[in-house]
Amino acid sequence: MRIASFNINGIKARLPALLDWLSESKPDVVLLQEIKSIDENFPREPIEDLGYHVETHGQKSFNGVAILSRLPIEDVTRGLPGDPDDEQARWIEATVIGDEGAVRVCGLYLPNGNPVPGPKFDYKLAWMDRLFDRAQALFDAEEPALMAGDYNIIPAPDDAARPKDWWGDALYRPESLAAWRRVVNIGFTEAFRARDAAPMNYTFWDYQAGAWNKNDGIRIDHFLLTPAAADRLVDCQIDRHVRGREKPSDHVPIWVELAL
DNA sequence: ATGCCCGATTATATCGGA
């Protein structure tokens, strides 16, 4: 099955582009971030018409995640455990039933964290502590599972066109990288680097300053796989061409193919 | 050093994004 992640930067503004991409790419499952919509206003019908179940976890104006699936899904849960006072919609999970087995999929929109220092950066690091706990539990379950989405983390210098200019930003600084590595080092496989070591592959290009035309991007959308899921990894690709279309998101889709 | 661009909001400027 093919599972994609796509930060769409607003479902209302991105619906035509999303429908075009769904129609041609035909992923089995899509994890969406930044729907920027309450659940009641999410345009379910045109997506359901393409054969997808729609599960949303939205909020007004900002954030918001969703799962689209052409395969049966079960046990949908919303919100990252660990802080009942957290009102930001950044996490959704479901179990997808494939022909050859099930996989637990977690869609996430990790906080940006800028400016540093400040409460937004503190929130990012606290959120990543909670992510670690959920990741550890998924790992301990010894089942196929993945956590995918907009991590707002630049893992390594090759993951930015201008790494020196990014250094110190909340996406690329020691505390952020330590928190990222702590999660990965539980024993997760980062799917893109496991399949393609080539540099200059990015998933985000700023709308400003001609970033797309200069390929001045960063790779911040990631798939982390448990060992049982990594054993089934067939491919991982970035749909970079989507960035060059009419009215694009500033992110592009990234997807994995799993033998499930 | 700042803004550039873009989306959402009971908006016509401000905030958040990365």
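Everything numeric here is computed off the predicted structure, so don't read it as measured data. Letters go in sequence order (proteins before strands), and every chain restarts at 1.
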| query | Shared ILVMFWY cluster between A:I8 and A:W205, side chains joined below 4.5 angstrom? | reply | yes
| said: Taking the C1' atom in each of B:dC15 and B:dA11, what is the distance between them to the nearest angstrom? | reply: 11 Å
| query | A:D250 near the nucleic acid: base, sugar-phosphate alone, or nothing, with a heavy-atom cut-off under 4.0 Å? | reply | nothing
| message | What's A:D216 touching, base or sugar-phosphate or nothing? Going by heavy atoms closer than 4.0 Å. | response | nothing
| request: Please name the residue in the list A:M128, A:K120, A:R90 that meets the side-chain contact (heavy atoms from CB on, under 4.5 Å) test with A:P111. | output: A:R90
| request: Please determine, for the side chain of A:I218, which listed nucleotide (B:dG16, B:dT9, B:dA18) has the closest atom? | output: B:dA18
| task | Among B:dC6, B:dT9, B:dA18, find the nucleotide with the atom closest to the side chain of A:Y207. | result | B:dC6
| query | Can you find a side chain N or O atom of A:N152 that sits less than 4.0 Å from OP1 or OP2 on B:dA18? | reply | yes
| said: Starting the side chain at C-beta, find the nucleotide from B:dC5, B:dG7, B:dA18 nearest to A:I220. | reply: B:dA18
| request: State yes or no: do A:W255 and A:L146 share one hydrophobic cluster built from I, L, V, M, F, W and Y residues joined by side-chain heavy-atom distances below 4.5 Å, directly or via other members? | output: no
| field | Selected nucleotide, minimal atom distance to A:A13 side chain, candidates B:dG17, B:dA8, B:dC4 | value | B:dA8
| message | Looking at A:N112 and B:dA18, is any side-chain donor or acceptor paired with a base atom of the opposite kind under 3.5 Å? | response | yes
| query | For A:N7, which contact category applies under a 4.0 Å heavy-atom criterion: base, sugar-phosphate, or nothing? | reply | sugar-phosphate
| field | Of the listed nucleotides B:dC4, B:dG16, B:dA18, the one nearest the side chain of A:E34 | value | B:dA18
| message | Checking contacts here: which listed nucleotide (B:dG16, B:dT10, B:dA18) is nearest the side-chain heavy atoms of A:H251? | response | B:dA18
| field | N/O (side chain, A:K247) to phosphate O (OP1/OP2, B:dG7) under 4.0 Å | value | yes
| field | Residue A:K60, side-chain atoms from C-beta onward, closest of B:dG17, B:dC4, B:dT10 | value | B:dT10
| request: Using a 4.0 Å heavy-atom cut-off across all strands, classify A:Y109 as base, sugar-phosphate, or nothing. | output: sugar-phosphate
| note | Here the gap from A:I254 atom CD1 to A:F192 atom CZ, rounded to the nearest 0.5 Å, amounts to 6.5 Å
| message | Using OP1 and OP2 only, check whether a side-chain N or O of A:K36 sits under 4.0 Å from B:dG17. | response | no
| Is the A:F6 ring parallel, tilted or perpendicular to the A:W21 ring (thresholds 30°, 60°)? | perpendicular
